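Below is one structure, written out as structure tokens, with a few remarks after it.
Here is how names work: the chains are called A, B, and so on, in the same order as the sequence lines, proteins then strands, and each is numbered from 1. What you see below is based on every heavy atom in this structure, not just the backbone, and it leaves out hydrogens, waters and symmetry mates. Note that the coordinates shown come from a computational prediction; the quantities given were computed from them, not determined experimentally.
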Amino acid sequence: MSTLHLTPVDYFILILYFAFVLGIGWRLRKTVTSSGAFLTAGHNVPVWITSLAFLAANLGAQEVVGMAASGAKYGIMTSHFYWIGAVPAMLFVGVFMMPFYYGSKARSVPEYLKMRFDEKTRGLNAITFAVMTLFSSGISMYALGKMFQLVLGWSFDASVLLSAVIVLAYTYLGGLTSAIYNEVLQFFLIVIGFSPLAILSVQRAGGWSGIQQRLPDVMTHAWRYIGNSSQNPMGVEAFGLVGGLGFVLSFGYWCTDFLVIQRAMAANSMSAARRTPVLAAFPKMIMPFVVILPGIAALALTKMGSGYSLPPKGAGYDYDQALTTLMAQFYPSGLLGVGLTALMASFMSGMAGNVTAFNTVFTYDIYQGYLRPRESDRHYLTVGRITTVVGIALSIATAYLAAQFNDIMDFLQLVFGFVNAPLFATFLLGMFWKRATGHGAFWGLLSGTGAAALTFCLSVAEGKGGSLAVLHNFPSQMAQNFWIAIFAFSACLLVSIAISLGTAPKSDTQLEGLVYGLTKMPHEEGVPWYLRPAPLALVVLGCLCFLNVIFL
Amino acid sequence: MLDLRIPSGLFFFIAGLVLVIVGVTQFPHAPMTEANVDLYTGLVMVGFGAILLLLAKRGRPA
């Protein structure tokens, strides 16, 4: 009953990939001489590698599969998740925020919060982040197991255990360096493995003009129908999209999430750290063509009676299967192995990203911070290694929890959303307003999370929320999420400012290197433009405008 | 430190070569395309792998 049938050559490519991934971990094992080398890659990684890893750590399989699904469901509007919902934030973190992250010499984002604010703000961030990474790693594993069961007929247990053991092996051996190196290999594989699908499926659907003819206008225009939420399938309007997704959610993720920031902080110089997210924005901008186009083509192929059809589900289609059913139609054995390996690779890079961020935050911010502060570096290296094993074991447990109790996972993801929504306000104030205080930051975060929960309980979208009262009815859950984020951000910002003004700030000397105005900005005279973050960011912005105009 | 271009280049070179051989000798078909996609993708992968290996050999600091 499975969708894809593998032949020996497909297995050969999958096994070859496993061998290389493990080989890279094995070769890098000797570089791990200290906890810093294991957990932060010793600030020693070339910039082209950190940039691609910055991108790949976020490019999990839920993303690849989910973006193809959204492409089929919402059309080219899905690319807003990249063009509006990622690129501007990536440029901002590189140009404006990295000087403080990298310059502070903090080993993690929570540690930066401790230096800038206080212990309780760090504790709040470290603990919620650690729990969240474990759950997202587990959910990613669960998704992998389910998918391989469905499309290949593999056993759920075998897929979960195999991928976990391989990720464990290479992160245990080579630490963050190994995770980052493998993420780059995984990125190449994702692009090479999925590009043929985009080319073949779009070509078969008659090219972009053929797709435009066969689908309603709203599927092939990114902006034209965004003025009113009732006109587009996402059910969002421009302010919710730009403010909620483009500003609050996107900046909250790309500028504060240690999973991605960790990659930039591993770079070998301040300049390289700043260029990491900016350079990553180039491929990020192009990714919609690789991951979203096949989904749009799948819908066009379904509509034109080409012999291909998205699998039906209820009254509509099972969009989540868009990618794998297309692969079954367009990939012969051989390339099928490459595509499947790319899928496996994206799961692994997502999982390894979470695990390496988890072990650093646990070891430095929780274990060293609160449990055993004064031990030798050797001790923390051992703890880091044990944490890697425990983290993966807990992720596996989470995967099985997700398999048993789907509702719990939905609930947890909702709560994580509430916790994350206000974060960017705290970092914005922390980095650019020296008057912001620890009390302000801590209570601001809690109020932001509270405001998010309250917005959810007072509004309804697709039958979700409104447990206290229904003051507003959103046309879609996506719109509800965007507005929850906007309210959480605003509440956090206002409460932080109010409490900061009533509490004593840190002195200027304590804040040196942590806040704008008290930090020496890097000198760039005589450095060619293509090695400087700001001019590079302008080039990205130019390309971004161009893309949005084409698909207006 | 390991030069990442070497293992990445080798991986794509070998996997690409396998695809080229399969494409030429067996020409497996997918249901919805007539093209020899194994051959073409294989050639791209071999080319990409070779470029990475050449860059690593020239030893240009990345």
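Around the CZ atom of A:Arg27, the shell of radius 6.0 Å holds no more than 12 heavy atoms that belong to other residues, nucleotides or ligands.
Contact of A:Ala328 with chain B is made through the backbone alone, with heavy-atom distances under 4.5 Å. A:Leu189 touches chain B through backbone and side chain together, each having a heavy atom under 4.5 Å away. With a 4.5 Å cut-off on non-hydrogen atoms, B:Thr41 touches chain A through its side chain but not through its backbone. With a 4.5 Å cut-off on non-hydrogen atoms, A:Leu16 touches chain B through its backbone and its side chain both. Contact of A:Tyr17 with chain B is made through backbone and side chain together, with heavy-atom distances under 4.5 Å. For A:Ser306, the parts sitting under 4.5 Å from any heavy atom of chain B are the backbone and the side chain alike. Only the side chain of B:Leu19 comes within contact range of chain A, with at least one heavy atom under 4.5 Å from a heavy atom of that chain. Proximity to chain A is limited to the side chain of B:Phe12, based on heavy atoms less than 4.5 angstrom apart. At a 4.5 Å heavy-atom cutoff, B:Tyr40 makes no contact with chain A through either its backbone or its side chain.
If you take CG on B:Asn36 and CG on A:Leu335, they are separated by 10.5 Å, rounding to the nearest 0.5 Å. In this structure, the separation between OH on A:Tyr181 and CG on B:Leu2 is 6.0 Å, given to the nearest 0.5 Å. To the nearest 0.5 angstrom, B:Ser8 atom OG is 8.0 Å from A:Ile49 atom CD1. Summarising the geometry, atom OG1 belonging to A:Thr7 is positioned 8.0 Å from atom CD belonging to B:Gln26; distances are rounded to the nearest 0.5 Å. From B:Met45, atom CE reaches atom CZ of A:Phe188 across 12.5 Å, with rounding to the nearest 0.5 Å. Atom CD1 of B:Ile14 is separated from atom CD1 of A:Ile13 by 11.0 Å, given to the nearest 0.5 angstrom.
Closest of all the heavy-atom pairs between A:Pro332 and B:Ala30 is N-CB, 3.6 Å. Minimum interatomic distance between B:Val22 and A:Ser333 (heavy atoms only, all atoms of both residues): CG1-O, 4.3 Å.
Taking the side chain as every heavy atom from C-beta outward, A:Tyr331 and B:Val37 never approach each other to under 4.5 Å.
Looking only at heavy-atom pairs under 4.5 Å with chain A, the residue among B:Val18, B:Leu10, B:Asp38, B:Val44 that has the most is B:Asp38. When each of A:Leu336, A:Ile199, A:Thr31, A:Leu200 is scored by its heavy-atom pairs under 4.5 Å with chain B, the top score falls to A:Leu200.
If you run side-chain contact (heavy atoms from CB on, under 4.5 Å) between B:Phe11 and each of A:Ile24, A:Leu185, A:Val21, only A:Leu185 comes through.
Using a distance-only test at 3.5 Å, with no hydrogens or angles considered, a donor-acceptor pair links the side chain of A:Arg204 to the main chain of B:Met32.
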